[in-house]
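Reviewing the structure listed below.
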Amino acid sequence: MTSHTFRFSYLYVLTIFTFFHYSLCIEYEETALLEFKKDLIDDAYLLSSWNNSNGDCCKWYGITCDNQTGRVTEIRLRGSDDMADFDNQEASVQKLGGKLNPSLGNLTSLEYLDLSSNDFGGNPIPTYIGSLRNLTYLNLSDSSFSGEIPTQLGSLSALRVLSVRRNLYSDDQYELRVESLRWLSGVSRLRHLDLSGVQVGQVFDWSQVTRTLLPSSLEQLHLSNCGLPPITPNLTINLSSLSVLDLSFNNFSTNSIPSWISSFRSLVSLNLANCEFKGSVPPGLMNINSLTTLDLSNNQLTSIQTTPETICNLREINLSWNKFDGKNLSEVLSSWFQCESSKLESLRFVGSGLSGNLPPQLGNLKNLVHIDLNKNSISGSIPDSLGNLSSLQTLQLGFNSISGTLPDSIGRLSTLVTMYLSSNWISGPLPDSLGRLSSLVDLDLSYNEINGTLPQSIGQLTNLISLNIERNFLRGVVTEDHFANLTSLITLRASANTLRFELSDNNWEPPFQLQILNLNSWSLGPNFPHWLQNQTDLSILYLASTGISDDIPSWFWNSFSGLKYLNISDNNLSSMSVDDFFCSNEEQNQVIYLNMGNANISGVLPDCFSTWEFLNIFSIQNNNLSGKLPISLANLSSLESLNMRNNKLSGELPVNLMNSKSLLIIDLTENEFTGSIPIPIGDEATTLRLLNLRSNRFNGEIPDEICRLDSLQILDLADNNLSGRIPNCFNNFSVMAGKVDPSQVVGLAGDEFRGNAWLMMKGRVNGYGSILGLVTILDLSGNDLSGDIPIEITQLVELRSLNLSGEGDAGEEEEEEGEGGSDGPEWGLITSIVVGFVVGFWVVVGPLIGSYSWRTKYFEFLYDIWCVVWHFPYLMGATSTNSLMIKLQPKIYDHIMLTVRISFIPSVCSQVPVIVIRLPEPRGLSVETSTNNRRFLMVFPLLTAALSTPPDIWCQIVAPFLIFSIIELAISVASIVQVREEGWTSGMRESGSIDKKE
């Protein structure tokens, strides 16, 4: 008993001694850590436990000590690296900054050092790290280091893991590089090497690195985005343990995938994405039995060969953005379909040019979790067998040509999280089984042809966050039952359908809190939707064309204080108070985009836009606004597009409007502005690309200073009271003069929107959006300008439309050049059309229609002439073949007859109304006679009609001849060449030009 008591007492004392002695860190190491902390920036107070009052440094945040010696062995200070929070300011605070104090070198027992995902502001990696000889793990990746990687790292002979990766998606300017790679030979025990983002291309030699510098024990090699030189085709590499190889984001455009990569028989993961590889995937690569993850995306690969013997172990394959143009999806996947038990979990072929139907066998790949076949040419319907994929989480088939209805079996995909089927030809009603997709978070069926009503079962998707059904043919009534259990919904996009929202309870409060709501083209009115009042998180609200005929409620800005995008155009807001709407919010408004066009708004715009400092796009066209343009609106420093066309605004324009450094588009057409055109002040460059002041009451001369707006490519000052000379400096407009290449799209609000405008050209008003940046217009017509046309205008080589017509000398001179015309009806032009039509058509063609004998003799006469001209080459060739006569197929004959019956094609070139006359089908003409005279029968009436309409005559002539050429080509291709024993061919046989066919 005594011995047992003694033994227990000894162990107790030993335990207490160990606890109080060995758990305490070494004093000089504690001092070293405190010195290390001094040079760090710790905004998130991650190191608040690092202080003298907290005696044992082994208990400090991120510190681990040896239990026996008390020495610091591990420092784990990894920062926030969640890519979902990449742009999150709060996440960026969770990072250490500053520099690495040399005191860290005193921690000689340190084995593990992780300082990754921090922000050290471009400071270099310190050389003293090479003195930490016991290090086995060193991770300095994604921490904004710069400069040269110290060669002293080669002294870390015990190192197993080395990662100094630079984040590929980082926007910092810091660059890591190496001047030599010889130090790699010193880390002979290395298992994991990650130099991604480090520029090694200047010193990288494939033979030297792979044969002598990399240790044979290496298991993972990451050299993504390193600027590597072209791969040496034939290499002998002794890396038998290599399981992970990442060479992505290097430009190997001169290479195909080298065959030596297939020699890594232990390879588990291979990433060759974004390498510009060409040709086919080597068969040997697909025969690596151990391979489970393969990423060959963003290359120029054209084919892939697989066998079921080896492909069945593959779990993830990504061949997106390659060039398998025309390859059938079923053929590409055929090897997987032969697997008894395929392990494939992720299938990604985005934008690779695949065609064919979705194979029913796809439903046999039971382990599939992700399917991404977006942006291909896949057609056909979605097979019912897809419902067998019980593990499927992602189904992305957008931007294809998939048709048919959604199968009811799709409701069996209980694990589905994302379903993206946008931009296809899916039709029919939505199945009720959609309501059984209990895990669904994101549903996008936009831009299809889905019809019928919206099923109420969709309201059972409790996890749904985003619902997009825009641009379909849905119709009918939507009630609160459709949203009954959508408690997680944040985004609802359902515009461009014919849906009507009817509430049984006017006090209904939605179960969700939306951030994005787009119900354009729904029927919501006449009252402004009261149920929106509690949607206080909204940042995007689109209610255009919703039948609202009401005032904007007083609670609007209180509820929507965070609103950034608002579209309430094409409604009836005649009772709205513009003062209350624009001035009621005393705090800074967050709105970036505001569209209130075609809303029957009246009143005077108040001068309170100083609280709208974030406004980029303001469109309030086609209303009844009066008064002056507010100075505070003209002074907005962020405004890029201002569209106030077709109102009753008056007075002089604010001077600052032309001095804006942000405005790209100014459209004040069809108002009542007076005074002179504001003069730009100063020599600072502006960005204005479109200035449209047409149909106002501006007077005075066009100021020379307008040429300072050198980015202008559309200048329309037509229909004002301007006088004087035309400035001789228009060649300063750089786009019109061809000095600067235009961009096709006018990007607004950081390219979130594209600029659009309604422009007058050739007497017509047309809308321009996607090509607005390519349009160049100079229109000064309808003014009282005088003097000569400046020679500098001839230097505007990229100008697409020029109109200087008007009452002065310049206008008359331009009219002689055929550019534009004056307002009002052109009676001379109308008279010439009528006379030309009567003389050119009825006098010539009329008698031929009325008299059968005249018509017969006329065609016989033309035939004699035509036959000689047309068959002259055949007669000269004296051919003995029997292939000169064309026997038309019935369809071709029908096409000719259709063309003969149309004497006038309405020309898109003409500025005047056109008349369409249908001739009766010629009677008494055989197929052969019509065939051989088809050119005259088609061309004569078309040419007659073209000559009877003076404007744009050449365009009208060319258009019919293009149609004529297409018909001729169709005849030549579809015809059967042979000889017939009838009609006009007898003369040819007698002359010996053709042989008689027995």
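As the structure is a computational prediction, the values presented were derived from the model and not from experiment.
- Judged by distance alone, with hydrogens and angles left aside, the side-chain atoms of Ser243 form a donor-acceptor pair with the main-chain N or O of Glu219 at under 3.5 Å.
- Under a cutoff of 6.0 Å and an axis angle of 45°, Arg166 and Tyr174 do not form a cation-pi pair.
- Taking the side chain as every heavy atom from C-beta outward, Ser141 and Ser116 approach each other to under 4.5 Å.
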**Asked** How far apart are the C-alpha atoms of Arg265 and Ser263, what are their side-chain angles, what is the distance that settles it, and do they pass the side-chain hydrogen bond (donor to acceptor under 3.5 Å, both in side chains) test?
**Response** CA-CA 6 Å; Arg265 308 313 298 177; Ser263 64; over 6 Å; no
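- The closest donor-acceptor contact from the side chain of Asn250 to the backbone of Ser248 lies under 3.5 Å.
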**Request:** Go through the steps to decide whether Glu175 and Gln199 satisfy the test side-chain hydrogen bond (donor to acceptor under 3.5 Å, both in side chains), and finish with yes or no.
**Result:** CA-CA 8 Å; Glu175 179 182 279; Gln199 295 307 299; 5.5 Å; no
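- Smallest separation of non-hydrogen atoms from Trp336 and Ile317: CH2-CD1, 3.7 Å.
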**Request:** Start with the C-alpha gap between Gln300 and Asn322, add the side-chain angles, then the distance that decides, and say whether side-chain hydrogen bond (donor to acceptor under 3.5 Å, both in side chains) holds.
**Result:** CA-CA 5 Å; Gln300 300 182 47; Asn322 279 285; over 6 Å; no
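- Within 6.0 Å of CZ in Arg471 there are 12 or fewer heavy atoms belonging to other residues, nucleotides or ligands.
- Below 30°, between 30° and 60°, or above 60°: for Phe145 and Phe120 the angle between ring planes is below 30°, a parallel geometry.
- Note that the CD1 atom of Ile465 and the OG atom of Ser488 stand 6.0 Å from one another [nearest 0.5 Å].
- Between the OG atom of Ser188 and the CG atom of Leu214 there is a distance of 12.5 Å, given to the nearest 0.5 Å.
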**Asked** Can you check side chain to side chain contact (heavy atoms under 4.5 Å, CB included) on Leu110 and Ile75, steps first, answer last?
**Response** CA-CA 8 Å; Leu110 197 63; Ile75 297 179; 3.8 Å; yes
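- Side-chain contact between Asp384 and Pro407: present, with at least one pair of heavy atoms (C-beta onward) separated by less than 4.5 Å.
- By the 4.5 Å heavy-atom criterion applied to side chains, Leu291 and Leu270 are counted as neighbours.
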Compile the donor-acceptor pairs under 3.5 Å between side chains in residues 452-463 and protein atoms, sequence neighbours left out, one pair per line.
from	atom 1	to	atom 2	distance (Å)
Ser457	OG	Asp432	O	2.8
Gln460	OE1	Asn485	ND2	3.0
Asn463	ND2	Ser438	O	2.7

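- At least one side-chain heavy atom of Leu235 sits less than 4.5 Å from a side-chain heavy atom of Ser207.
- Between Leu373 and Leu329, some side-chain heavy-atom pair lies under the 4.5 Å cut-off.
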**Item:** side chain to side chain contact (heavy atoms under 4.5 Å, CB included) between Phe252 and Asn299, intermediate numbers included
**Value:** CA-CA 10 Å; Phe252 302 133; Asn299 285 287; over 6 Å; no
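- Atoms CG and OG1, from Leu132 and Thr136 in turn, are 11.5 Å apart once rounded to the nearest 0.5 Å.
- Minimum heavy-atom separation, Thr394 to Leu392: O-CD1, 3.6 Å.
- Without hydrogens or angle criteria, Asn287 side chain to Leu285 main chain gives no donor-acceptor distance under 3.5 Å.
- No donor-acceptor pair closer than 3.5 Å links the side chain of Thr418 to the backbone N or O of Val441.
- Within a 6.0 Å radius of CZ in Arg160, other residues, nucleotides and ligands contribute more than 12 heavy atoms.
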**Item:** Worked check of side chain to side chain contact (heavy atoms under 4.5 Å, CB included) between His222 and Arg165
**Value:** CA-CA 9 Å; His222 302 266; Arg165 178 184 70 245; over 6 Å; no
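- The aromatic rings of Phe349 and Phe324 sit tilted, their planes meeting at an angle between 30° and 60°.
- Asn376 contributes no side-chain N or O that, together with a main-chain N or O of Ile378, makes up a donor-acceptor pair within less than 3.5 Å.
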**Prompt:** When you look at Asp114 and Arg76, which way does the salt bridge (charged side-chain N to carboxylate O under 4.0 Å, His left out) test go after all the steps?
**Reply:** CA-CA 5 Å; Asp114 186 354; Arg76 299 173 181 262; 5.8 Å; no
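- For the atom pair CG of Leu96 and OG of Ser80, the computed distance is 11.5 Å after rounding to the nearest 0.5 Å.
- Between the Ser342 side chain and the Leu344 main chain, a donor and an acceptor come within less than 3.5 Å of each other.
- The minimum heavy-atom distance linking Lys327 with Ser303 is given by the pair CE-CB, 4.1 Å.
- A pairwise comparison of heavy atoms in Ile257 and Leu272 identifies CG2-CD1, 4.0 Å as the closest pair.
- Residues Thr491 and Leu467 fail the side-chain proximity criterion, which asks for heavy atoms closer than 4.5 Å.
- A donor-acceptor pair under 3.5 Å is formed between the side chain of Asn374 and the backbone N or O of Gly398.
- A donor-acceptor pair under 3.5 Å is formed between the side chain of Ser352 and the backbone N or O of Trp321.
- A 6.0 Å sphere centred on CZ of Arg189 holds no more than 12 heavy atoms belonging to other residues, nucleotides or ligands.
- Smallest separation of non-hydrogen atoms from Phe249 and Ser224: CD1-OG, 3.8 Å.
- Atom CG of Leu242 sits about 10.0 Å away from atom CD1 of Ile261, to the nearest 0.5 Å.
- Side chain of Asn448 to backbone of Ile426: a donor-acceptor contact under 3.5 angstrom is found.
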**Asked** side-chain hydrogen bond (donor to acceptor under 3.5 Å, both in side chains) between Ser391 and Thr415: does it pass, once the steps are laid out?
**Response** CA-CA 6 Å; Ser391 300; Thr415 61; 5.8 Å; no
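- Interatomic distance, Arg177 CZ to Gln202 CD, rounded to the nearest 0.5 Å: 11.5 Å.
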**Item:** Steps toward side chain to side chain contact (heavy atoms under 4.5 Å, CB included) verdict (Leu113, Asn139)
**Value:** CA-CA 6 Å; Leu113 178 59; Asn139 190 349; over 6 Å; no
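- In summary, of the residues considered (Ile382, Ile450, Asn400), a side-chain contact (heavy atoms from CB on, under 4.5 Å) with Leu421 occurs for Ile382 alone.
- Looking only at distances, a side-chain donor or acceptor of Ser143 sits under 3.5 Å from a matching main-chain atom of Ser117.
- Looking at heavy atoms from C-beta onward, Asp246 lies out of side-chain contact with Leu223 at the 4.5 angstrom threshold.
- Side-chain contact annotation: Ser390 with Arg412, donor-acceptor N/O pair under 3.5 Å absent.
- Ser422 and Ser446 are linked by a side-chain donor-acceptor pair at a separation below 3.5 angstrom, with hydrogens and angles left out of the test.
- Within the 4.5 Å cutoff, the side chain of Gln208 has heavy atoms near those of the Leu213 side chain.
- Of all heavy-atom pairs spanning Gln94 and Ala44, the tightest one is OE1-CB, 3.8 Å.
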